[in-house]
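Report on the structure given below.
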Amino acid sequence: MTWLNLERGDPVVQGGESAAVGSLETFEEFYAREFSAVVALAFALSGSRTASEDLAQEAFLAAHRNWARVAEYERPDLWVRRVVSNMSMSMFRRRYAEARALARFAPRPAATMPELSADDAEFWAAVRSLPRRQAQVIALRYLDDRSVAEIAEILGTATGTVKKQLHDGRQNVIRRLRLEEDDS
Amino acid sequence: MTFDTRAHRAVQGIHRAVEVMEMSDTKTPQRITRFDQYRERKSRNQRIAAIAVGIAVPVALLLGAVRLLGSNGETNVPVTTPSESLTAPLGPQIHLFTAFGDPSFDGSYVIKMELFDGYEGDPGDVVFGSDGGQGISTWTVGNVYADPCHSSGTLLDPPIDSSVHGLVAGLTSQERSHATKPTDVEVDGYAGKYMEMTVPAGTNMADCDHGQYRIWVSPQGGNRYREAGQRDMLWILNVDGTRLVIDAALGPKTTLQDRRDRIQMVESIQIDPV
């Protein structure tokens with residue numbers, strides 16, 4: 001029996017918003033619930049169809065290694081988002097994951113992740129061209145539908161800072177893509 | 001169109017892509033199975049890497065000792081007792097490259113390079129420096145984009161031929177990039193051409209197709225892309241009829257010493273038939 005199997009059966013208390021407070025949750029349940037959202041975040045922030053799944057898996061691997069501790073956090077779902085958003089924005093990590101993916105998959109690994117439309121790809125490329133924190137804030141707010149308070153917790157910063165980064169990020173994208181100003 | 005409208009559409013695009021990815025993965029319908037496979041693969045790769053390094057380092061040390069014997073004569077070789085050799089430093093770290101999963105090359109040759117302090121990379125992968133992700137990689141190149149920024153549909157047709165000259169011609173004719181005049185070079189006895197290419201510093205990746213400045217594509221379909229202002233030192237070698245590219249990248253934070261180190265590391269490369 002591996003150490004993974006030993007840990008797997010251990011139920012933990014999960015207090016995140018997306019699960020009932022006080023419910024028992026295993027790593028498998030956590031993974032099954034969060035994987036799609038985490039890989040989406042990795043895709044948006046890395047821009048790499050080949051690396052995004054690996055980035056998400058790496059984030060979950062980090063959670064799994066530390067599951068006894070992570071599961072006790074009030075919001076493990078926010079923790080795994082912090083890990084993946086930092087990894088995805090790190091040039092080192094992104095290239096590293098992509099290099100691994102390219103080396104592993106042949107022929108073309110992008111077969112399972114379809115290409116975005118030109119408009120969508122342009123939008124996310126504009127987001128990724130923003131300063132790191134602005135890009136993370138935009139992705140977490142719009143793609144992951146997180147509140148300002150949640151984003152502040154994920155990024156370990158103040159809500160006021162998140163609001164400013166959200167405003168600046170939006171304005172920068174509006175300028176770069178020549179969009180109309182929003183009322184909001 | 002407003003930001004919110006555009007963002008909403010782009011979010012839907014990402015969700016659709018992830019959904020298609022998950023639906024297309026029919027062999028592993030259960031997500032946790034995929035995680036287990038990833039974890040096991042990583043664990044296996046780490047074991048293989050450890051074995052590879054365990055083999056490569058003693059072999060490199062042995063080869064080094066043999067060369068030392070040949071050049072200096074037996075009397076100059078320091079003699080160590082077994083107990084001394086156990087505590088002595090192991091010598092330079094050796095990195096093993098692969099040509100990014102090109103089975104025709106990776107099955108035939110082993111590429112070894114001395115790894116300087118401050119550089120890292122798993123065996124078989126890219127070597128990274130500490131200057132923002134720039135590093136050294138090895139490639140077999142399949143074809144070149146005519147326009148790296150607007151790369152969609154611009155792979156050269158007919159594709160470049162398989163010679164060193166074919167790739168040099170493709171790269172020097174590439175739009176936007178600045179290429180130096182190719183000069184003769186030799187790495188570990190394999191001859192070829194050396195050139196440097198620079199991406200214009202003002203390039204806005206957001207204006208490029210896929211948000212990337214794509215230089216070439218490997219035979220397996222992997223794209224090599226670069227950042228604005230990036231300069232790449234390229235050694236394009238003829239390895240027994242197969243073209244191998246050693247790419248050492250320099251970025252805005254790369255120092256002159258980093259550049260010297262990378263040249264020295266590339267010059268330490270050994271390409272040995274399996």
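Here is how names work: the chains are called A, B, and so on, in the same order as the sequence lines, proteins then strands, and each is numbered from 1. Atoms considered below: every heavy atom in the structure, side chains included; atoms not considered: hydrogens, waters and symmetry mates.
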task = Would you give the length of the straight line joining atom CZ of R9(B) to atom CG of D120(A), rounded to the nearest 0.5 angstrom?
result = 9.0 Å
query = Are side-chain heavy atoms of Y142(A) and D4(B) found at a separation under 4.5 Å?
reply = yes
Side-chain heavy-atom pair D207(B), E122(A) within 4.5 angstrom cut-off = no
query = Side-chain contact, heavy-atom cut-off 4.5 Å: W124(A) with V11(B)?
reply = yes
ask   = Under 4.5 Å between any side-chain heavy atoms of L116(A) and I14(B), yes or no?
value = yes
key: Pairing of R6(B) and E180(A) as salt bridge, 4.0 angstrom limit   = no
inquiry  = Taking side chain as everything from C-beta outward and backbone as N, CA, C, O, which of these in A44(A) sits under 4.5 Å from a heavy atom of chain B? Side chain, backbone, both or neither.
reply    = both
request  = Flag the pair M21(B) / V39(A) as yes when at least one side-chain heavy-atom distance between them is below 4.5 Å, and no otherwise.
outcome  = yes
task = Starting at CD of Q12(B), measure out to OG of S117(A) and round the result to the nearest 0.5 Å.
result = 11.5 Å
ask   = So do the side chains of E22(B) and S36(A) get within less than 4.5 Å of each other, counting heavy atoms only?
value = yes
key: Note, L179(A) side chain near T2(B) side chain (heavy atom, < 4.5 Å)   = no
note = Looking only at H210(B), E19(B), H8(B), most heavy-atom pairs under 4.5 Å shared with chain A are made by H210(B)
request  = Over all heavy atoms of both residues, which pair between G211(B) and A125(A) is shortest? Give the atoms and the distance, please.
outcome  = CA-CB, 4.1 Å
inquiry  = Measuring from atom NE2 of H15(B) to atom CG of L143(A), what distance do you get when rounded to the nearest 0.5 angstrom?
reply    = 4.5 Å
message = Within the structure provided, determine whether M205(B) and R128(A) are in side-chain contact (heavy-atom separation under 4.5 Å).
response = no
Spacing of N172(A) atom CG and F3(B) atom CZ [to the nearest 0.5 Å] = 10.0 Å
